Undergrad: 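Can you keep this structure in mind? I'll have questions shortly.
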Amino acid sequence: MKSMDYGKSAHEVLVNIGGKGNLVSAAHCATRLRLVVADNSKVDKKKVEAIDGVKGVFEASGQLQVIFGTGTVNKVFDEFIKEAGIEAGTKDDVKAAAAQKQNFFLRLVKTLGDVFVPIIPAIVASGLMMGLVEGIGKAVPAFASTDIYSMLDMFANAAFTFLPILIAVSAAKVFGANIFLGAVIGMIMVHPNLTNAWSAADAIANGTMKTWSIFGLYSVNQVGYQGHVIPVVIAVFVLAAIEKRLHKVVPEMIDLFVTPLVSVLVTGFLTIAVIGPVFGQLETWVLAGVQWLITIPFGLGAMVVGAIYAVTVVAGLHHMYNAIEAEMISASGRNIWMPIATAANVAQGGAALAIALKTKNKKIKEMALPASLSAFLGITEPAIFGVNVRYRRPFIAGMVGGAAGAMVGSITGVYATAYGITGLFGFLITTETLAGYALDMAVAFIVSFAISWILGLKPEDENPDGVAQQAEKAAEAVEENPTPAVEKDEHFTEVIPAPMSGAVIPVTEAPDETFASEALGKGIAVNPTDGTVRAPFDGSVLMLFDSGHAIAIRSDLGVEVLIHVGLDTVGLGGKPFTYKVEDQAHFKKGDVLMTADLAQIQAAGLKTVTPMVVTNVDDFKDVRVENDSIIVEK
């Protein structure tokens, strides 16, 4: 086995990433260095790739990742941190440092995504139910007066009435606060003693809004935060900061009651006295601005509002638009705001639907499809927060579609005779301009769907676990499940045959650059004639992949192998694949590990060529290919 100067390789990596001054953070995982650099332009990737021991270099999630392989990376890393004069970080430290390199908007988007994704099922269910119940109530007025309708309406709006509590709990997890303290902050913001946010406009108009005096300096309205997003997230962020600080400075013997008490007291006061009023003023400005915009002729103002409407949903300001609609109805009986809102909502749904139909990522598809349906009924939070804002491109497509639909609706003179619903059920309150309303929605949908389909998702969003990342996960599984001690000779030769029937070639000839470069290990590739994957040795399962397309295994002699069925098949969502073994299970040579529907893979336009590589090559004296098998010598 070739000897390697770990110190020399570490030195050359540091020099070619721009030196100590360009290094922000460093850690390592099972196969690679994970580095965060201040200025990527100072990194010479070609020179890094040429360093002895380096098997590949790529950027992912704001990190420069240098592949050295299992058994080598830890030795290089030890020399690297000595050379750099820094302390070793963890993968979480590096991820945090990488995240801080992103601009504020991207960090905000990621944070909102992290907060909202866990609660998407709740608001999808409530959103669909709300749209259906309200729609049926409008279509059948007699039903709207029944007890069953009242009960279903309560079920439907529960998640939205108490949305700040859901958001607060999820945000507390994201920011590292106690989730129960986060829930308390959410409860404060929707306490029944406060005027419901949906009724705030009427209370202010008729002079019944109660206020609190803040030390005699100014007064704040006693209003709740139903429908709000940003104020809740900010409040819990403040809670987390206060709580973490108190845990550090408060003596342990009194920390249990002092920290929760002070955290909730201070955060609650700041929320009611500062955060709330600031966003209340912002809402006032937004309302004044949009009312002025929609008066601009030729549909230009409506176009602008249709584009930015979804942005105000992100900010949690959209519920205040009921005040505009109510004012229009009382003044002229014509609500021209509702078609604009519908265009924006349908457009976000169209953008999410395009992603649902186009993506090969099963998890994204499962989230995007119901979220889009909810948007067509007027509830856009699932589509916006679960999909569109998270992946940015569909959100932009939705904004463009919203602008186009709103402009058409304005030019054709669409209006509603009531307010409170949008989307498909909006036909019930636009009976005097049905054709224009249909055109408003059609344009919004077609434009947003087309743009979202064309743009699609970024490769790293569509396939967050690329081939190298998949090998990394398998290698990390090895770290968590080290080779068990067995009685065997220190020296051995293991012959590993192909796991599938078919023509065999060296992996260096595989039609995939990552495998062919042997960056992930040495081995073979099979052009299979059937989809049965059999164990090439006696061993155990290291890892089953969520996407079902690959399996990591280890022989009883300690040889670790990755079998990847097909190329680029991670995006198929697991449909062609079926595992026949459990995670960590032991198996015998010839046992069926998994099966694959080769016809499905080919129908998707992908190659069925299946690489099998030894991922811990450096642990052995020699790994080579002979007679269609992998020969491992130690």
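Bear in mind the structure is a predicted one, so any value in this text is a computation, not a measurement.
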Undergrad: Between Pro382, Pro394, Ser448, which is the residue that forms a side-chain contact (heavy atoms from CB on, under 4.5 Å) with Asn388?
TA: Pro394

Undergrad: Is a side-chain N or O of Thr433 found less than 3.5 angstrom from the main chain of Tyr415, in a donor-acceptor match?
TA: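 Looks like yes, one N/O pair under 3.5 Å.
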
Undergrad: Is Thr359 reaching over with its side chain to a backbone N or O of Ile355, donor-acceptor style, under 3.5 angstrom?
TA: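 Side chain of Thr359 to backbone of Ile355: no pair is present.
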
Undergrad: Give me the atom names and distance for the closest heavy-atom approach of Val313 to Phe385.
TA: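 For Val313 versus Phe385, the nearest heavy atoms are O-CZ, 4.0 Å.
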
Undergrad: Enumerate, atom names and distances included, each donor-acceptor pair closer than 3.5 Å involving a side-chain atom of residues 169-193, sequence neighbours excluded.
TA:
| unit_1 | atom_1 | unit_2 | atom_2 | d |
| --- | --- | --- | --- | --- |
| Ser170 | OG | Val115 | O | 2.5 |
| Asn178 | OD1 | Phe180 | N | 2.8 |
| Asn178 | OD1 | Leu181 | N | 3.1 |
| His191 | ND1 | Asn193 | N | 3.0 |

Undergrad: Does any N or O in the side chain of Ser452 come within less than 3.5 Å of the main-chain N or O of Ala397, such that one atom is a donor and the other an acceptor?
TA: no

Undergrad: Write down the atom of Met129, the atom of Phe155, and the distance for their closest heavy-atom approach.
TA: SD-CB, 3.6 Å

Undergrad: Has the side chain of Thr146 got a donor or acceptor atom that lies under 3.5 Å from a matching backbone atom of Phe143?
TA: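 Such a contact is found between Thr146 side chain and Phe143 backbone.
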
Undergrad: Keeping the roles fixed (side chain from Ser219, backbone from Ser213), state whether a donor-acceptor pair exists under 3.5 Å.
TA: no

Undergrad: Let's go through Thr267 and Thr271 carefully: what are the C-alpha distance in whole Å and the side-chain angles of both, what is the deciding distance for side-chain contact (heavy atoms from CB on, under 4.5 Å) to 0.1 Å, and is it a yes or a no?
TA: CA-CA 6 Å; Thr267 304; Thr271 298; 4.1 Å; yes

Undergrad: Testing the 3.5 Å rule here: is there a donor-acceptor pair between the side chains of Thr422 and Asn345?
TA: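 A pair is found: one side chain offers a donor N or O, the other an acceptor, under 3.5 Å apart.
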
Undergrad: Is the backbone N or O of Asp153 less than 3.5 Å from a side-chain atom of Asn157, with the two atoms forming a donor-acceptor pair by type?
TA: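 Yes, because the side chain of Asn157 sits within donor-acceptor range (under 3.5 Å) of the backbone of Asp153.
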
Undergrad: Do you know which two heavy atoms are closest between Ser145 and Ala142, and how far apart they sit?
TA: OG-O, 2.8 Å

Undergrad: Taking Gln222 for its side chain and Thr211 for its backbone only, find out whether a donor-acceptor pair lies under 3.5 Å.
TA: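 Answer holds: yes.
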
Undergrad: Given the side-chain rings of Phe215 and Phe269, with only the six-membered ring counted for Trp, is the space between their centroids under 6.0 Å?
TA: yes

Undergrad: Starting at CD1 of Ile451, measure out to CD1 of Ile446 and round the result to the nearest 0.5 Å.
TA: 12.0 Å

Undergrad: Tyr437 and side chain to side chain donor-acceptor pair (under 3.5 Å): which partner among Thr431, Thr342, Thr430?
TA: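 Option passing the side chain to side chain donor-acceptor pair (under 3.5 Å) with Tyr437: Thr342.
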
Undergrad: Checking the side chain of Thr412 only, and the main-chain atoms of Val408 only, is there a donor and an acceptor separated by less than 3.5 Å?
TA: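 Looks like yes, one N/O pair under 3.5 Å.
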
